[in-house]
Amino acid sequence: MRNLLKEHGAEALIGLFVVLVAVWFAYTSWQRTGGGRVSHAMQVTALFPSASGVNVGTDVRVAGLKIGQVSSLHLDPKTYQAEATLALDPNVKLPADSSAAITSEGFLGAYYISMIPGGDSTPLKNGDTILDTQGAVDLMSMVGQFINRSGSDSGAKGSTPAPNTAAPTAQP
């Protein structure tokens, strides 16, 4: 038994260290993300024409700072718009006429909902609906359109060549 402990003691200590680091990492991550708690948050609904890139848990930000997250997402059967329920920090008093836009962190970055504060003196309340929204811009389709248009003038089907308007040249 002592031989076994001497031979594999270092491996057991390294394994224990790895497990402790994993537990610490999971605990720290849980605390930094709010521990999955959104029950104390103010619930606001936003109707988007398109919610591409947005999922439950997507950040809601003002001026780049996280103030909440998407707590549910489904299709409104009456308007056929994406209805996102936003769980917002109740300490952040956004004006009632604020707007929301789905924004990307960069060309290939993650999406988030950017809240743009309005000028109303009345703050958003629990249960309010934000109607002034902008859906996500589909960057890949924009790039595809740009690429297809850039080379389509010279060899496009159905296009007629431009008439030759050059002056005739004299032949010797």
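Below, all heavy atoms of this structure are taken into account, side chains as well, without hydrogens, waters or symmetry copies. Count residues from 1 along the sequence. In this text the structure is predicted, and so the values were computed from the model without any measurement.
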Undergrad: So among Ser99, Ser98, Pro95, which one has a side chain to side chain contact (heavy atoms under 4.5 Å, CB included) with Ile116?
TA: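 Among Ser99, Ser98, Pro95, the one that satisfies the side chain to side chain contact (heavy atoms under 4.5 Å, CB included) with Ile116 is Ser99.
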
Undergrad: Identify the two heavy atoms, one from Thr133 and one from Pro49, that lie closest to each other, and give their separation to 0.1 Å.
TA: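 Between these two residues, the closest heavy atoms are OG1-CD, 3.8 Å.
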
Undergrad: Testing the basics here: between Pro123 and Asp128, what is the closest heavy-atom pair and its distance to 0.1 Å?
TA: O-OD2, 4.4 Å

Undergrad: To the nearest 0.5 Å, tell me how far Gln43 CD sits from Leu88 CG.
TA: 8.0 Å

Undergrad: Carefully, step by step, assess Asp132 and Asp97 under the rule side chain to side chain contact (heavy atoms under 4.5 Å, CB included).
TA: CA-CA 8 Å; Asp132 185 11; Asp97 63 343; over 6 Å; no

Undergrad: Quick one, Leu131 with Leu47, criterion side chain to side chain contact (heavy atoms under 4.5 Å, CB included). Give me CA distance, side-chain angles, the key distance, then yes/no.
TA: CA-CA 6 Å; Leu131 299 175; Leu47 297 172; 3.7 Å; yes

Undergrad: For Pro90 and Ala41, work out which heavy atoms get closest and say how close.
TA: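 What the structure gives for the nearest pair is CD-CA, 4.1 Å.
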
Undergrad: Find the distance between CG (Asp89) and CD1 (Ile67) and round it off to the nearest 0.5 Å.
TA: 7.5 Å

Undergrad: Working to the nearest 0.5 angstrom, can you tell me the gap between Glu83 CD and Phe48 CZ?
TA: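 The distance works out to 11.0 Å.
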
Undergrad: If hydrophobic clusters are built by linking Ile, Leu, Val, Met, Phe, Trp and Tyr wherever their side-chain heavy atoms come under 4.5 Å apart, do Tyr112 and Val44 end up in the same one?
TA: no

Undergrad: Once rounded to the nearest 0.5 Å, what's the spacing between atom OG1 of Thr58 and atom NZ of Lys66?
TA: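 Reported value, rounded in 0.5 Å steps: 9.5 Å.
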
Undergrad: A side-chain contact here means heavy atoms from C-beta on lying under 4.5 Å apart; do Pro117 and Val62 qualify?
TA: yes

Undergrad: Walk me through it: do Leu86 and Met115 pass the test side chain to side chain contact (heavy atoms under 4.5 Å, CB included)?
TA: CA-CA 11 Å; Leu86 312 178; Met115 297 294 297; 4.2 Å; yes

Undergrad: Could you report the tightest heavy-atom contact between Ile113 and Val70, atom names first, then the distance?
TA: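 The answer is CD1-CG2, 3.7 Å.
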
